[in-house]
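These numbers come from a predicted model, not from an experiment.
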Amino acid sequence: MRGSLWHLGQSITRRVAQADKKAAARRFFASEADLKKTVLYNFHIAHGGKMVPFAGWSMPIQYKDSIMDSTVNCRQNGSLFDVSHMCGLSLKGKGCVPFLEKLVIADVAGLAPGTGTLTVFTNEKGGAIDDSVITKVKDDHIYLVVNAGCRDKDLAHIEEHMKAFKSKGGDVSWHIHDERSLLALQGPLAAPVLQHLTKEDLSKLYFGEFRIMYINGALCFLTRTGYTGEDGFEISVPSENAVDLAKAILEKSEGKVRLTGLGARDSLRLEAGLCLYGNDMEQHITPVEAGLTWAIGKRRRAEGGFLGAEVILKQLEEGPSIRRVGFTSNGPPPRSHSEIQDEKGNNIGEITSGGFSPCLKKNIAMGYVKSGLHKAGTKAKILVRGKAYDGVVTKMPFVPTKYYKPS
């Protein structure tokens with residue numbers, strides 16, 4: 001998805017307010033009949049969700065409150081997101097770890113059972129096919145979630161390599177969890193609210209860890225992770241139990257945890273300095289250029305063995321030619337594809353995501369610049385609608401992360 005969801009939300013909100021609502025509905029949601037719907041679709045409508053097409057799905061961009069308000073509420077209280085459009089799958093078999101290690105940069109073998117990590121699926125040139133959170137449930141069971149917009153290409157890529165792996169006697173099979181829905185509960189109230197709905201002690205579950213447990217009476221996959229920089233969980237729940245779980249979470253929070261749409265999800269992840277695939281990462285960008293060197297396991301750096309390893313290991317040794325950096329700027333908020341110049345007016349890169357930070361009350365952005373110009377404090381000019389505005393390279397995350405880790 002190109003451009004910021006936050007800006008999409010703002011433009012839709014403005015236009016719906018300005019135009020006849022039926023005409024607006026026809027214009028924006030003409031393809032509604034062709035879109036897939038999550039099991040929470042009617043629940044979103046009943047709660048005032050403004051639905052937009054996203055990656056082939058009809059998804060809420062926002063609810064009755066503004067994107068600004070719901071972003072701030074996530075950091076102060078909490079947010080509940082329907083992320084059922086994303087694709088969860090399990091790899092099983094004695095060969096599932098060596099198989100997956102051919103496709104991703106993570107040290108999957110080195111993960112303890114019940115723990116996970118962010119990783120990147122790479123192509124032969126070292127570029128990113130997608131980013132994914134993978135979890136080793138057991139030595140012969142890996143659970144992973146891939147992005148909705150990348151589902152078809154990711155599944156085709158995995159299937160092609162799986163056929164080759166199995167043809168050589170490798171033991172691996174897969175199951176795509178289309179029978180399950182995915183909810184993300186984020187913010188300071190996430191753990192206390194969810195604790196009301198399970199007998200398991202959530203204080204013993206740390207960031208990046210995974211458990212299978214009963215929540216609100218349904219057997220769920222629970223990962224302590226998220227896409228906001230806050231403490232929180234992603235909950236894979238049988239689809240027939242998803243609406244009841246969403247209702248229970250909102251009820252137990254006494255109105256403080258709010259349903260939150262894709263618009264605030266975008267501003268939250270940008271404040272946390274997290275990539276959006278299709279904007280900040282693409283097939284021609286390597287994990288090293290994207291600032292995800294930390295996700296390449298130590299053993300993988302020594303051994304390689306994944307697609308594009310030669311390119312990536314060479315970049316680790318010599319340094320990449322471009323790097324992802326954060327910016328703050330004055331003037332209008334930078335947009336995706338805004339040109340970045342040095343102080344003499346020479347092109348040095350491009351913005352990939354940008355917007356006004358609801359929590360910091362200033363413009364923030366990320367983009368790629370030539371190596372050597374990536375140090376924090378480096379001054380730049382950012383072009384917005386043909387006019388240059390002052391910007392400065394800034395460390396990310398813009399808002400401090402609050403992941404729940406052992407003290």
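Other residues, nucleotides and ligands contribute at most 12 non-hydrogen atoms within 6.0 Å of the CD atom of Glu310. Atom NZ of Lys387 has 12 or fewer neighbouring heavy atoms from other residues, nucleotides or ligands inside a 6.0 Å radius. By the neighbour-count criterion of 12 heavy atoms within 6.0 Å, atom CD of Glu317 is sparsely surrounded, having that number or fewer from other residues, nucleotides or ligands. Surrounding NZ of Lys153 are more than 12 heavy atoms belonging to other residues, nucleotides or ligands, all under 6.0 Å away. Atom CD of Glu254 has 12 or fewer neighbouring heavy atoms from other residues, nucleotides or ligands inside a 6.0 Å radius. Shown here is Lys252, whose NZ atom has no more than 12 heavy atoms of other residues, nucleotides or ligands within 6.0 Å. The number of heavy-atom neighbours closer than 6.0 Å to OH of Tyr214, taken from other residues, nucleotides and ligands shown, is 12 or below. Heavy-atom contacts from other residues, nucleotides or ligands closer than 6.0 Å to NZ of Lys36 number more than 12.
We find that Arg224 and Asp231 are joined by a salt bridge, their nearest charged nitrogen and carboxylate oxygen being less than 4.0 Å apart. The residues Arg300 and Asp107 are annotated as not salt-bridged, no charged nitrogen and carboxylate oxygen being separated by less than 4.0 angstrom. The pair Arg151-Asp178 counts as a salt bridge, with a side-chain nitrogen and a carboxylate oxygen less than 4.0 angstrom apart. Remark: Glu343 does not engage Lys381 in a salt bridge, criterion side-chain N to carboxylate O under 4.0 Å. Look at Asp280 and Arg269 and you find a salt bridge, because one of the NZ, NE, NH1 or NH2 atoms lies within 4.0 Å of a carboxylate O, short of that distance.
Annotation: the span from Ser90 atom OG to Trp174 atom CH2 amounts to 12.0 Å, rounded to 0.5 Å. Note that the CG atom of Leu262 and the OG atom of Ser267 stand 11.0 Å from one another [nearest 0.5 Å]. One finds the CD1 atom of Ile249 at 6.0 Å from the CG atom of Leu183 (value rounded to the nearest 0.5 Å). Once rounded to the nearest 0.5 Å, the distance linking CD of Glu234 with CE of Met86 reads 6.0 Å.
Residues Leu245 and Asn241 form no side-chain contact, since every pair of their non-hydrogen atoms from C-beta on lies 4.5 Å or further apart. Within the 4.5 Å cutoff, the side chain of Leu316 has heavy atoms near those of the Arg301 side chain. Contact check for Glu230 versus Pro188: side-chain heavy atoms found under the 4.5 Å cut-off. Taking 4.5 Å as the limit, every side-chain heavy atom of Pro60 sits out of range of all side-chain heavy atoms of Phe81. Side-chain contact between Thr135 and Ile142 is absent, with no heavy atoms from C-beta onward closer than 4.5 Å. Between Ile235 and Leu194 the shortest side-chain heavy-atom distance falls below 4.5 Å. Proximity of Glu339 to Ile382: side-chain heavy atoms (C-beta onward) are nowhere separated by under 4.5 Å. Side-chain contact between Thr71 and Cys359 is present, with at least one heavy-atom pair separated by less than 4.5 Å.
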Give the C-alpha distance, both sets of side-chain angles, the deciding distance and a yes or no for side-chain hydrogen bond (donor to acceptor under 3.5 Å, both in side chains) between Asp82 and Thr38.
CA-CA 8 Å; Asp82 176 11; Thr38 76; 2.6 Å; yes

Assess the residue pair Phe233 and Gln186 against the criterion (side chain to side chain contact (heavy atoms under 4.5 Å, CB included)); give the C-alpha distance rounded to whole Å, side-chain angles, the decisive distance to 0.1 Å, and a yes or no.
CA-CA 6 Å; Phe233 305 89; Gln186 298 283 293; 5.5 Å; no

Go through Phe221 and His177 one step at a time and tell me if the ring pair (Phe, Tyr, Trp, His ring centres under 6.0 Å) criterion holds.
CA-CA 11 Å; Phe221 303 163; His177 290 292; 5.5 Å; yes

Evaluate the criterion side chain to side chain contact (heavy atoms under 4.5 Å, CB included) for residue pair Leu89 and Leu144; output intermediate values, then yes/no.
CA-CA 6 Å; Leu89 61 138; Leu144 60 147; 3.9 Å; yes

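A pairwise comparison of heavy atoms in Ala190 and Gly232 identifies CB-CA, 4.0 Å as the closest pair. In this structure, Arg258 and Asp69 approach most closely via the heavy-atom pair NH1-O, 4.0 Å. The two atoms that bring Leu383 and Ala388 nearest to each other are CD1-CB, 3.9 Å, heavy atoms only. For the residue pair Lys370 and Asn347, the shortest heavy atom distance occurs at NZ-O, 3.5 Å.
Side chain of Thr122 to backbone of Leu307: a donor-acceptor contact under 3.5 angstrom is found.
The side chain to side chain donor-acceptor pair (under 3.5 Å) check on His85 picks up nothing, with sequence neighbours excluded. In this structure Ala106 satisfies the side-chain contact (heavy atoms from CB on, under 4.5 Å) test together with Val104, Val108, Thr117, Thr119, Ile134, sequence neighbours excluded.
Geometrically, Arg324 does not engage Tyr368 in a cation-pi contact, judged by NZ or CZ lying under 6.0 Å from the ring centre and within 45° of the ring axis.
A donor and an acceptor atom, one from each side chain of Glu209 and Thr115, are nowhere located under 3.5 Å apart. Residues Ser321 and Ser371 have side chains that never bring a donor and an acceptor to within less than 3.5 angstrom of each other. Side-chain N/O atoms of Ser338 and Glu350 include no donor and acceptor closer than 3.5 Å.
Ring geometry for His47 versus Phe43: interplanar angle of 30 to 60°, hence tilted.
Residue pairs meeting the side-chain hydrogen bond (donor to acceptor under 3.5 Å, both in side chains) criterion with at least one partner in residues 394-406, sequence neighbours excluded, are Thr328-Thr394.
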